[in-house]
> 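Sharing a structure here in structure tokens format.
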Amino acid sequence: MAKEYQEEPFQTQLRDYLSGDLNTDEQKYFDETLANSAVAQEELAFSQKLNFAQQHADVLAIAVMVNTITGSSASSFKPTTRGNQIFYWLGGTLMVCMLVAGAWWGIRNIQEQKAEADKVSRIITPYLQPLEALLATSETAESELKTAMENYRTGNFTQAAPALATYASKANDSNAALYAGISYLLVKQAETALPLLASAAKASADPVQDAAQFYQTICLIQLREWEKARQIATQVSPQDLYYPQYQELLDKLTQ
Amino acid sequence: MSKIFAPENDQELLAGIQASQESAFAEVFRRYRVMIQGHVIKNSGSSEDAQEIIQLTMVKLFMAIREGRYEDQGKLGHYVFQLAANSWREELRRRRNRPNDSLTDFDYQLADDSEEQIALAVVKDKQLQALHQALGQMGQPCQDLIKKLSLKKEQLKSIAVQLDYDYNNLRKRLFDCRKKLKQLTESLLTSNR
């Protein structure tokens, strides 16, 4: 039924209706058809618009064009009152200031950290040397200790460190703890080295105690614990094996 | 958006408008948008109202120049503002008198539509704009057929004879063209939203 209104002869009647070419009876009949059919009404409306579009094609072309022009600038149609403008300006300025401040602080922070790292390196580099392997291992000493010390002597501190630490804990050996701490310090694991050296310093007698305390001080400097390092350095007695080195450290720490 | 158009004087701009150059309309928009927008918003309008009034003003300006009703006396800005202000005043009056007025009430059949009514229809009726665009995208045979039947009011039988077509085939072709036109219009209307 719908298709009937989209084809001849209805379309011919529709065209005659629009152009006023129907006689009275035909017009009356057509009006009845329209009244009884939504599809017919829809066809009429479409035909009316189609005729209009063709009659005023030039003006419609302008309307489509200006719609495109204004549509592409639609976002700029949001009104900005004077108050809004001030608000947006202030907000924008504040954001820029925060970004600049954040960048400045970040750069400054990085520079400070680098400066501190340089300071640490400058102070402790001369002292980051392995202690002579004086730990005597007899023929009857356990093989794991022998192996660990062999690694230490050959400069293989990565292997020596955990092996010596394990042995020191198992055998409660403060000498092994000293060398374990030194090994960890030399492979840049100061946090792991510190408790080993601290325990060796407490439990040992000279000269192991002096050595352990000195390397403990180096560890503290490595970890930026300036005050603790300074405290140890100022409290050593002149009889300490490392007294001259402590004085050098104090000079550098006060610079 | 069109390329930058920098007319040396208003006459050049008006010539561009009369020739339907997009760049000329873009220049009008650039010059007078803020003025019109400010007027509409200060007088109870929204930003959407402002956009519509700007479109209406540019269409009316085109019609006035085409009909020779605007004579360039160095007061183009003043004329444009008057067009916009009148359009907005009319719009407010329509809203007061007929709050639910829509273009479905517009009689597309009237032969002597006022320019005001024509401008309103072409700006506000997006389906009409989509129909215009769809017509432009149809193939030439369909365009010619539709034009012959609608504008020239020729009978289908005489068109079949002119084109040396079988009448029944031509009927089917017209049915297909109209169906395609409707589908294209609906598609454009949806994508333009």
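Residue numbers begin at 1 in each chain, while the letters A, B, ... track the order of the sequences. Here the structure is a predicted model, which means the values were calculated and not measured.
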> Look at atom CD of A:Glu191 and say whether more than 12 heavy atoms of other residues, nucleotides or ligands are closer to it than 6.0 Å.
no

> I need the minimum non-hydrogen distance between A:Ala61 and B:His132, along with the two atoms involved.
CA-NE2, 3.6 Å

> For the residue pair A:Met65 and B:Ser20, what are the closest heavy atoms and their distance?
CE-O, 3.2 Å

> So how far is it from B:Asp125 CG to A:Lys49 NZ, rounded to the nearest 0.5 Å?
3.5 Å

> Going by the side-chain contact (heavy atoms from CB on, under 4.5 Å) test, name the single residue among A:Val59, A:Asn67, A:Leu60 that passes it with B:Val59.
A:Val59

> Is there a side-chain contact between B:Leu135 and A:Leu50 (heavy atoms, below 4.5 Å)?
yes

> Below 4.5 Å from any heavy atom of chain B, which atoms of A:Asp58 appear? Answer side chain, backbone, both or neither.
both

> Would a 4.5 Å heavy-atom cut-off, applied to side chains only, mark A:Phe46 and B:Leu131 as touching?
yes

> Taking the side chain as every heavy atom from C-beta outward, state whether A:Glu43 and B:Arg178 have any atom pair closer than 4.5 Å.
yes

> Given a strict heavy-atom distance threshold of 4.5 Å, which part of B:Phe25 is in contact with chain A: side chain, backbone, both, or neither?
both

> Do other residues, nucleotides or ligands put more than 12 heavy atoms under 6.0 Å from A:Glu26 CD?
yes

> Please check if the number of heavy atoms outside B:Arg173 that lie under 6.0 Å from its CZ is greater than 12.
no

> Does A:Lys228 NZ have over 12 foreign heavy atoms under 6.0 Å away?
no

> Does some side-chain heavy atom of B:Met58 sit less than 4.5 Å from a side-chain heavy atom of A:Ile62?
no

> Starting at CD of B:Gln129, measure out to OG1 of A:Thr68 and round the result to the nearest 0.5 Å.
8.0 Å

> Taking the side chain as every heavy atom from C-beta outward, state whether A:Val66 and B:Phe29 have any atom pair closer than 4.5 Å.
no

> Using a 6.0 Å cut-off, check whether atom NZ of A:Lys28 has over 12 heavy atoms from anything other than its own residue.
no

